[in-house]
Amino acid sequence: MDYKQMCCKQVHRIVFFAAWLSVFSAGAQSRKSCIKDTIADDQIFSVSFHREDFPLSIPFIYLSSDEHLELMFDDLSPLQRDFSWQLIYCNRFWEEEALSQQEYMEGFPDTRIYDIKTSSNTTVSYRNFRLIFPAENMQILLSGNYVLRIYFTDHPEQTVLTKRFFVSENSSVPEVFYKPADEPSAGGQSFGISWEAPAQKNVNPDHFHLFALQNLRWQFEKELPEARSSGKKSFASCLPGECVFEGGNEYMNFDTKSRRYQSPRIKEMEFKAPYYHIYLYDDKVDSYSPYFFTEDINGNFLVENNETKEDRNEADYMYIHFSLNAGQPFIDEDVYLYGALTNRNLADRYRMQYNFRSRRYEISLLLKQGYYNYEYILKPEKGAPSYTLNGSHSETGNEYLFLLYYTDETRNYDRLLGLKVYNTLLR
């Protein structure tokens with residue numbers, strides 16, 4: 001490549017690319033254990049990442065398609081800051097792979113985020129950033145797991161946030177057979193999964209790897225049993241009844257789309273300069289109550305303001321006050337508020353505090369106007385966290401994502417042959 005000619009045409013792009021390449025090279029030399037969805041800056045809010053035009057969708061695209069993903073976030077910092085992006089290729093365990101950028105991406109895109117809107121008619125000032133990805137003048141070459149990393153344009157070594165997404169070949173799509181648990185009281189949801197081998201000469205069953213996610217709860221991602229041959233070119237991982245997941249319960253919700261009226265879940269609304277404050281009715285711990293259907297959006301949120309036409313930069317921010325009536329504090333266990341509103345993260349900033357005066361677990365978050373789902377996660381000092389604080393039911397509506405990988409030995413990467421999104425209510 002003639003870099004002198006390139007500089008004459010696109011000087012600023014070379015600068016960004018050099019910074020990007022230096023960061024990538026450093027990461028490739030010292031592989032990270034696992035890259036997660038993170039928000040590393042406390043002035044970044046309302047991060048959403050999904051298929052373009054489908055705000056409640058799982059972030060994935062198909063290889064060699066013209067599909068796009070949409071990332072949006074708000075910067076509440078009083079400083080005028082600029083952001084850029086980097087693409088990181090990972091294996092099936094979300095560890096950064098030691099591949100050169102040229103192996104999984106073609107083209108020379110401008111990595112700076114230019115689609116920006118400043119807040120208008122709000123009590124809280126912010127700048128909204130929007131990125132449509134993949135960018136123009138680029139093509140993703142490999143299927144698999146990817147991380148979109150956002151960093152400060154002037155300081156490319158400083159990560160602002162990371163979001164995971166998938167690129168699927170769609171060459172071998174898992175077929176899912178769903179069956180609720182025989183005893184509804186058991187609270188389980190059972191699956192059988194099979195697939196046809198991709199069209200290639202030699203297929204090694206040991207190189208298939210099947211993973212499952214429920215409602216994008218990353219902390220509970222499962223690797224399913226090894227592939228077994230079920231025909232000349234057919235394979236299965238879970239026979240019916242083998243792969244069972246906790247059904248959990250429907251998500252709780254609240255609606256702050258209006259500042260003029262209180263929706264049913266809101267106990268009190270008041271303005272204490274410079275913020276609006278929303279106090280929700282108490283939630284209760286009740287793991288033994290019978291199942292009650294409530295329509296939800298599987299832990300997601302939608303930004304919306306009923307009094308404006310432009311939600312993106314005219315929806316305001318409010319302090320939402322949550323309280324959980326657990327009777328007594330849990331011993332050696334912490335309670336976390338959880339959902340897309342917390343970036344599906346068990347970070348300290350989302351850990352609830354027990355108020356001995358009110359006998360409630362409490363937390364307050366600054367959130368943008370809209371409709372939100374949430375739940376509570378119980379995390380012991382030792383052992384795995386649990387999302388069944390309010391019981392587990394086989395009837396619960398959950399959205400599952402099944403991911404079929406195949407390890408390519410010749411190029412040493414995990415191909416994502418296919419994926420299947422399965423909703424137990426819609427199926």
Side-chain angles (χ1 to χ4, degrees), residues 36-37 56 58 93-94 174 176-193 209-226 237-253 283-300 324 326 330 332-346 350-352 361 373-403 419-427:
K36 303 177 181 179
D37 284 10
L56 297 178
I58 294 170
F93 300 113
W94 296 103
V176 177
F177 307 92
Y178 169 65
K179 183 179 182 296
D182 294 331
E183 293 292 333
S185 60
Q189 296 180 333
S190 173
F191 294 90
I193 304 163
H209 310 281
L210 190 66
F211 285 75
L213 269 169
Q214 183 196 69
N215 300 332
L216 283 185
R217 294 187 182 105
W218 293 103
Q219 293 80 2
F220 304 92
E221 184 179 20
K222 287 186 179 183
E223 183 172 10
L224 303 183
E226 295 180 356
S237 174
C238 294
L239 299 178
E242 277 191 334
C243 297
V244 180
F245 298 79
E246 293 274 10
N249 209 336
E250 306 293 356
Y251 287 86
M252 291 162 278
N253 65 80
D283 296 309
K284 296 181 180 180
V285 175
D286 189 357
S287 57
Y288 299 103
S289 63
Y291 172 75
F292 180 77
F293 172 74
T294 303
E295 189 172 0
D296 64 19
I297 53 176
N298 294 316
N300 278 301
L324 175 65
F330 293 100
D332 298 328
E333 292 173 306
D334 290 321
V335 179
Y336 290 81
L337 183 68
Y338 189 85
L341 79 172
T342 65
N343 202 38
R344 294 186 174 91
N345 203 315
L346 298 180
Y350 307 124
R351 181 165 55 88
M352 305 184 75
Y361 279 95
N373 273 188
Y374 67 98
E375 63 182 333
Y376 299 105
I377 298 287
L378 194 63
K379 183 181 179 182
E381 287 187 2
K382 297 181 180 180
S386 171
Y387 57 87
T388 61
L389 190 60
N390 277 327
S392 185
H393 306 276
S394 60
E395 304 98 324
T396 302
N398 289 309
E399 183 177 64
Y400 288 86
L401 175 63
F402 296 96
L403 301 151
L419 57 79
K420 178 74 172 183
V421 179
Y422 190 93
N423 191 303
T424 57
L425 290 180
L426 303 177
R427 38 183 186 273

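Basis for what follows: all heavy atoms, side chains included, without hydrogens, waters or symmetry-related copies.
- We find the OH-CG distance between Tyr350 and Asn343 to be 6.0 Å, quoted to the nearest 0.5 Å.
- Contact between Pro225 and Ser237 at its shortest, heavy atoms only, is O-OG, 2.5 Å.
- Across every non-hydrogen atom of Tyr361 and Glu333, the tightest pair is OH-O, 4.4 Å.
- The minimum heavy-atom distance linking Asn345 with Gln219 is given by the pair CA-NE2, 3.9 Å.
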task = In sequence, state the C-alpha distance, the side-chain angles, and the governing distance for Leu401 and Leu419, and then conclude on side-chain contact (heavy atoms from CB on, under 4.5 Å).
result = CA-CA 7 Å; Leu401 175 63; Leu419 57 79; 4.2 Å; yes

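- Here CG of Leu341 is found 9.5 Å from OH of Tyr374. Values are rounded to the nearest 0.5 Å.
- For the pair Phe93/Phe211, a side-chain contact is recorded, criterion being any heavy-atom separation below 4.5 Å from C-beta on.
- The only member of Asn373, Asn423, Leu216, Leu56 that meets side chain to side chain contact (heavy atoms under 4.5 Å, CB included) when paired with Asn298 is Asn423.
- Contact detail for Val244 and Lys222: the closest heavy-atom pair is O-NZ, 3.1 Å.
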request  = Give the intermediate values and the outcome of side-chain contact (heavy atoms from CB on, under 4.5 Å) for residues Tyr178 and Gln189.
outcome  = CA-CA 8 Å; Tyr178 169 65; Gln189 296 180 333; 3.7 Å; yes

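- Taking the six-membered ring where the residue is Trp, Phe191 and Phe245 present perpendicular rings, their angle passing 60° and hence far from 30°.
- Panel note: side chain Glu250, backbone Gly397; a donor-acceptor pair is recorded below 3.5 Å.
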Anything under 3.5 Å between a donor and an acceptor, one on a side chain of residues 377-391, the other on a protein residue two or more places apart or in another chain? List them.
| from | atom 1 | to | atom 2 | distance (Å) |
| --- | --- | --- | --- | --- |
| Ser386 | OG | Thr388 | N | 3.2 |
| Ser386 | OG | Thr388 | OG1 | 2.8 |
| Tyr387 | OH | Gln214 | OE1 | 3.0 |
| Tyr387 | OH | Glu246 | O | 2.8 |
| Asn390 | OD1 | Asp286 | N | 2.9 |

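- Of all the heavy atoms in Gly248 and Ser392, the pair that sits closest is N-OG, 3.0 Å.
- Closest approach of Glu375 and Met252 over heavy atoms only: CA-CE, 4.0 Å.
- Here Asn253 contributes atom CG and Tyr251 contributes atom OH; the two are 12.5 Å apart, rounded to the nearest 0.5 Å.
- Counting heavy atoms from C-beta outward, Ile193 and Phe177 have side chains that stay 4.5 Å or more apart.
- One N or O on the side chain of Thr424 and one on the backbone of Thr396 form a donor-acceptor pair closer than 3.5 Å.
- Tyr400 and Phe402 have parallel rings, their planes meeting at less than 30° on a 0 to 90° scale where 60° marks the start of perpendicular.
- Between Asn398 and Tyr422 the shortest side-chain heavy-atom distance does not fall below 4.5 Å.
- Contact annotation: the side chain of Arg344 approaches that of Asn300 to within less than 4.5 Å [non-hydrogen atoms, C-beta and beyond].
- When side chains are defined from C-beta on, Tyr336 does not count as touching Met352, because their heavy atoms never get closer than 4.5 Å.
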